[in-house]
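As structure tokens, the structure follows; a few thoughts come after it.
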Amino acid sequence: MNDESRAKAPSNFIRQIVDRDLAAGKNDGRVHTRFPPEPNGYLHVGHAKSICLNFGLAEDYGGKCNLRFDDTNPDKESVEYTESIQEDVHWLGFDWEDRLFFASDYFDQLYEYAEILIRDGKAYVDSLTAEQIREYRGTLSEPGRDSPYRDRPVEENLDLFRRMRAGEFAEGEHVLRAKIDMASPNINMRDPAIYRIKHKPHHRTDDKWCIYPMYDYTHCLSDAIEGVTHSLCTLEFEDHRALYDWFLEQLPVPSRPEQTEFARLNLDYTITSKRKLNELVTEGHVAGWDDPRMPTIIGMRRRGFTPAAIRDFCERIGMTKNDTRIDMAVLETCTREDLDRTAPRAMAVLNPLKVVIENYPEDESETLEAVNHPYDESQGRRQVPFGREIYIERDDFMEDPPKKFFRLGPGREVRLRYAYFITCTDVIKDDNGEVVELRCSYDPATRGGDAPDGRKVKGTIHWVSAEHAVPAEVRLYDRLFTVPKPEADKERDWKSFINPDACVVMDKALLEPALALAPAEKRYQFERLGYFCADRKDHAREHPVFNRIVTLRDSWAKANKG
RNA sequence: UGGGGCGUAGCCAAGCGGUUAAGGCACUGGGUUUUGAUCCCAGCAUUCCCAGGUUCGAAUCCUGGCGCCCCAGCCA
């Protein structure tokens with residue numbers, strides 16, 4: 001991976017906390033984080049923010065970051081997801097070395113801890129139904145009531161809990177609860193469930209267990225077991241911190257991690273909810289988790305976004321507790337900046353219009369030299385074939401152009417990039433009055449693109465040689481939704497805002513020959529159009545397929561809008 | 001209505017009692033250019049949710065409002 005030297009991330013409130021802890025000599029000067037996904041879906045940009053935070057922090061402070069799967073719910077989890085998540089984290093440029101962990105690795109220890117809680121009178125087996133537990137819990141403004149089973153003797157609790165583990169009960173029959181405070185204003189402290197019965201095989205422990213620990217109980221203990229110092233999570237867990245601390249205080253844990261919360265990422269014109277992304281996939285609104293319209297890591301990768309751009313993006317958006325939404329332009333800028341530096345240039349015509357250069361000798365062709373990158377000489381040069389018949393972009397011709405249109409029009413002269421000046425001499429139309437072909441003349445003295453007499457042209461357009469061009473499919477991607485906050489509308493279903501034009505297929509596109517040789521996932525700038533990436537699944541020598549990652553900035557289009 | 005958070009420009013975000021209130025994105029002008037790209041240069045908050053108060057001095061401290069987000073899974 002081309003990594004360059006990664007600049008140290010700007011400071012933020014979390015780094016200030018780490019600095020303060022270090023200065024106070026906390027944790028023996030260790031900084032240890034973890035990225036803890038549940039393997040119940042694919043990772044998305046929101047996760048990228050967390051990954052960059054956790055791994056980036058460890059990197060910058062000479063610490064460590066674990067990858068730990070929070071796999072406590074076999075109903076939703078699978079190995080498919082554990083594998084894709086590992087691939088995505090690696091692709092983003094981070095490495096957990098030998099620290100790949102699973103919460104399920106700790107099931108034995110977690111069970112022992114639960115027995116300790118029971119013996120200490122701090123947990124009990126409740127036999128209320130789920131429905132009843134909900135009723136007993138109270139509401140936001142009223143306290144809950146104690147379960148009638150709350151004061152079961154320790155021995156009975158122990159016996160019941162062991163029989164739960166042994167599989168003697170059906171799902172829902174009993175649940176192990178922490179005994180805290182049913183009147184707590186913090187609902188999470190009203191005797192939360194810590195173990196529930198699930199007669200389901202687990203993707204790692206198979207059928208060893210039929211009781212599974214809950215998130216709140218598992219997470220803090222897993223952090224403590226791993227020696228995590230700074231447990232970073234999103235804002236919705238802020239209320240859970242009291243519980244996180246409670247378990248750590250009750251149990252003889254080997255270390256004392258501290259939870260800090262930050263705001264999750266909201267990106268305009270897309271969604272970052274695993275549940276909703278899953279819905280898009282299962283209902284067929286997109287072609288899969290890796291659909292280039294998806295804000296999943298795998299989708300963004302397929303679209304062509306680079307790891308460096310995504311990392312840069314995560315740095316630029318900041319790290320605070322503010323509930324924010326980020327303008328898509330930030331991601332686009334990061335992507336353009338990275339690709340402008342790195343992507344070789346090439347010419348492709350998306351919507352071809354034939355041009356015949358009438359004074360160019362028949363049955364002849366030649367080869368012209370083009371640079372692969374305007375300011376990175378090391379990318380070298382290439383030969384581009386040229387001939388009497390070429391194709392240009394339809395948008396680069398106007399029959400009755402305004403004064404400021406610096407492209408082709410009847411009688412106008414433009415430069416063909418790396419080639420010649422041409423002048424449009426005639427416009428050929430079909431029966432419907434549609435322009436089907438242009439007749440032009442060229443100036444042989446302008447070979448390479450400069451006029452010896454010093455005359456200038458305002459415009460330079462791209463082109464491909466008709467004889468040599470390679471047909472291709474080019475997919476133009478755009479934002480997934482038509483509105484910035486598809487989830488915000490109370491009346492309309494968020495799915496009704498799916499952008500029908502988020503993928504426009506140009507199946508008559510023509511490439512300069514060099515492009516057909518591109519390997520999958522190779523990125524280019526198609527001059528004057530944007531950045532494109534050879535599709536990692538569908539691209540082939542015989543049938544090139546390119547995805548548009550992002551357009552070039554286009555001040556002409558902008559000036560003509562509205 | 002109980003609890004937990006948040007509020008600095010169109011969007012992010014520094015700021016931690018004394019600064020002309022950083023920086024980025026977006027936007028607007030101008031220059032360079034064989035990509036209407038890139039690059040360069042300039043502009044863009046007399047004011048920090050509001051109102052009081054403390055202070056020689058407040059975005060920063062205090063008090064009271066207002067607005068927004070999260071929590072009532074045997075999900076994470």
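Naming: A, B, ... by sequence-line order, numbering from 1 per chain.
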| message | Please give the distance between the C1' atoms of B:C48 and B:G15 as a whole number of Å. | response | 10 Å

| Which part of the nucleic acid does A:Q16 contact within heavy-atom distance under 4.0 Å: base, sugar-phosphate only, or nothing? | base

| query | How close or far is atom P of B:G3 from atom CD of A:E142, stated in whole angstroms? | reply | 14 Å

| message | Does either side chain, that of A:Y375 or that of A:D340, offer a donor lying less than 3.5 Å from an acceptor on the other one? | response | yes

| request: Tell me what A:E261 touches on the nucleic acid: a base, only sugar-phosphate, or nothing, going by heavy atoms under 4.0 Å. | output: nothing

| message | Roughly how many Å apart are B:U46 and B:C6, using the P atom of each and rounding to a whole number? | response | 26 Å

| Which part of the nucleic acid, if any, lies within reach of A:D450 when heavy atoms closer than 4.0 Å are counted: base, sugar-phosphate only, or nothing? | base

| query | At under 4.0 Å between heavy atoms, what does A:L176 touch on the DNA or RNA strands: base, sugar-phosphate, or nothing? | reply | nothing

| Separation of the C1' atoms in B:A59 and B:G17, to the nearest angstrom | 11 Å

| request: Would you indicate what A:T139 reaches in the nucleic acid, counting non-hydrogen atoms under 4.0 angstrom: base, sugar-phosphate, or nothing? | output: base

| task | For RNA chain B, find the residues of residues 187-199 of chain A with a heavy-atom distance under 4.0 Å and give them by number; none if there aren't any. | result | A:I187, A:A193, A:R196, A:K198

| remark: When A:D268 and A:R528 are each assigned the nearest nucleotide of RNA chain B, the 5'-most assignment goes to A:D268

| request: Provide, to the nearest angstrom, the distance between the NZ atom belonging to A:K456 and the P atom belonging to B:U32. | output: 11 Å

| Could you give the CZ-to-P distance, from A:F35 to B:A76, as a whole number of Å? | 16 Å

| request: Step by step, work out the side-chain contact (heavy atoms from CB on, under 4.5 Å) result for A:I271 and A:E487. | output: CA-CA 8 Å; A:I271 51 173; A:E487 300 152 291; 3.6 Å; yes

| task | Measure from the side chain of A:L552, starting at C-beta and using heavy atoms only, and say which of B:C12, B:U35, B:A76 lies closest. | result | B:U35

| Which of the following nucleotides, B:C69, B:G36, B:C74, is nearest to the side chain of A:D323? | B:C69

| Validation row, ring centre A:H174 to ring centre A:Y149 under 6.0 Å | no

| task | To the nearest Å, give me how far apart OH (A:Y269) and C1' (B:C11) are. | result | 12 Å

| query | From B:C6, B:G36, B:G5, pick the nucleotide closest to the side chain of A:N322? | reply | B:C6

| message | If we count only N and O atoms by modelled type, under 3.5 Å, do the side chains of A:E131 and A:T129 hold a donor and an acceptor together? | response | no

| How far does the C1' atom of B:A42 sit from the matching atom of B:U32, given to the nearest Å? | 15 Å

| query | With a 4.0 Å cut-off on heavy atoms, is A:I326 in touch with a base, just the backbone sugar-phosphate, or nothing at all? | reply | sugar-phosphate

| Separation of A:L243 CG from A:D216 CG (nearest 0.5 Å) | 5.0 Å

| Under the 5.5 Å and 30° test, is A:W556 stacked on the base of B:G36? | yes

| Within the structure shown, what part of the strands sits under 4.0 Å from A:E527 by heavy-atom distance: base, sugar-phosphate, or nothing? | base

| request: Assign A:R177 to base, sugar-phosphate, or nothing according to its heavy-atom contacts below 4.0 angstrom with the strands shown. | output: nothing

| Is the cationic atom of A:R177 (NZ for Lys, CZ for Arg) positioned less than 6.0 Å from the six-membered ring centroid of A:Y124 and within 45 degrees of its normal? | no

| For B:G73, glycosidic torsion class - syn if within 90° of 0, otherwise anti | syn

| message | Suppose we define a pair by two distances each less than 3.5 Å, Watson-Crick or G-U wobble; what does B:A42 pair with here? | response | B:U28

| said: Between A:Y420 and A:F386, is the ring centroid distance below 6.0 Å? | reply: yes

| message | Taking A:C334's backbone N and O only, do any of them form a donor-acceptor pair with A:D338's side chain (distance below 3.5 Å, no angle check)? | response | no

| message | Quick check for you: among B:U35, B:G15, B:G73, whose closest atom lies nearest to any side-chain atom of A:R345? | response | B:U35

| note | For B:U20, the nucleotide meeting Watson-Crick or G-U wobble distances (both under 3.5 Å) is none

| field | Distance in angstrom units between A:R241 CZ and B:G5 P, rounded | value | 6 Å

| If you look at every strand shown and take non-hydrogen atoms under 4.0 Å, does A:F405 touch a base, only sugar-phosphate, or nothing? | base

| The side chain of A:D239 lies closest to which of these nucleotides: B:C12, B:G3, B:G5? | B:G3

| message | Partner lookup for B:G67, please. Criteria are Watson-Crick or G-U wobble with both distances under 3.5 angstrom; report none if nothing qualifies. | response | B:C6

| request: Pick the P atom in B:G10 and in B:U47, then give their distance to the nearest Å. | output: 13 Å

| field | Interatomic distance where CD1 belongs to A:I133 and C1' belongs to B:A72 [whole Å] | value | 13 Å

| remark: Per-nucleotide protein contact along nucleotides 22-27 of chain B, 5' to 3', at a 4.0 Å heavy-atom cut-off (B base, S sugar-phosphate only, - neither), is --SSSS

| Nucleic acid contacts - residues 67-81 of chain A versus RNA chain B, non-hydrogen atoms under 4.0 Å | A:D70, A:T72, A:N73, A:K76

| query | In whole Å, what separates the C1' atom of B:A45 from that of B:U8? | reply | 9 Å

| Is A:H462 touching bases, backbone alone, or none of the nucleic acid, heavy atoms closer than 4.0 Å? | nothing

| message | Would A:D126 and A:D191 count as a side-chain contact (heavy atoms from CB on, under 4.5 Å) here? Give the steps. | response | CA-CA 10 Å; A:D126 197 354; A:D191 290 10; over 6 Å; no

| task | Establish, yes or no, whether a centroid distance under 6.0 Å links the rings of A:Y244 and A:H240. | result | no

| remark: Per nearest nucleotide of RNA chain B, the residue lying toward the 5' end, A:N186 or A:D216, is A:N186

| Which of the following nucleotides, B:U38, B:G5, B:U1, is nearest to the side chain of A:Y375? | B:U38

| message | Both distances below 3.5 Å, Watson-Crick or wobble geometry, any strand: find the nucleotide opposite B:G52. | response | B:C62

| What nucleic acid atoms does A:R137 come within less than 4.0 Å of, heavy atoms only: base, sugar-phosphate, or nothing? | sugar-phosphate

| note | To the nearest angstrom, the NZ-P distance between A:K321 and B:C68 comes to 21 Å

| request: For B:C75, give its Watson-Crick or G-U wobble partner with both distances under 3.5 Å, or none. | output: none

| query | Across the strands shown, which category fits A:T320 at heavy-atom distances under 4.0 angstrom: base, sugar-phosphate, nothing? | reply | sugar-phosphate

| said: Is it the case that over 12 heavy atoms from other parts of the model lie below 6.0 angstrom from the NZ atom of A:K458? | reply: no

| Side chains of A:E332 and A:Y531: is there a donor and an acceptor less than 3.5 Å apart? | no

| request: Under 4.0 Å between any heavy atoms, over every strand shown, what does A:Y418 touch: base, sugar-phosphate, or nothing? Just pick one. | output: base

| When A:N40 is tested against each of A:K76, A:E77, A:K274, A:R275 for side chain to side chain donor-acceptor pair (under 3.5 Å), which residue passes? | A:K274

| task | Verify, without hydrogens or angle tests, whether A:R382 (side chain) and A:V371 (backbone) share a donor-acceptor contact under 3.5 angstrom. | result | yes

| In terms of side-chain heavy atoms, does A:N54 have a donor or acceptor partner in A:S50 at a distance below 3.5 Å? | yes

| request: Identify whether NZ of Lys or CZ of Arg in A:R34 sits under 6.0 Å from the centre of the six-membered ring of A:F101 and within 45° of that ring's axis. | output: no

| query | Once you round it to whole Å, what is the distance between C1' of B:C68 and CD of A:E238? | reply | 14 Å

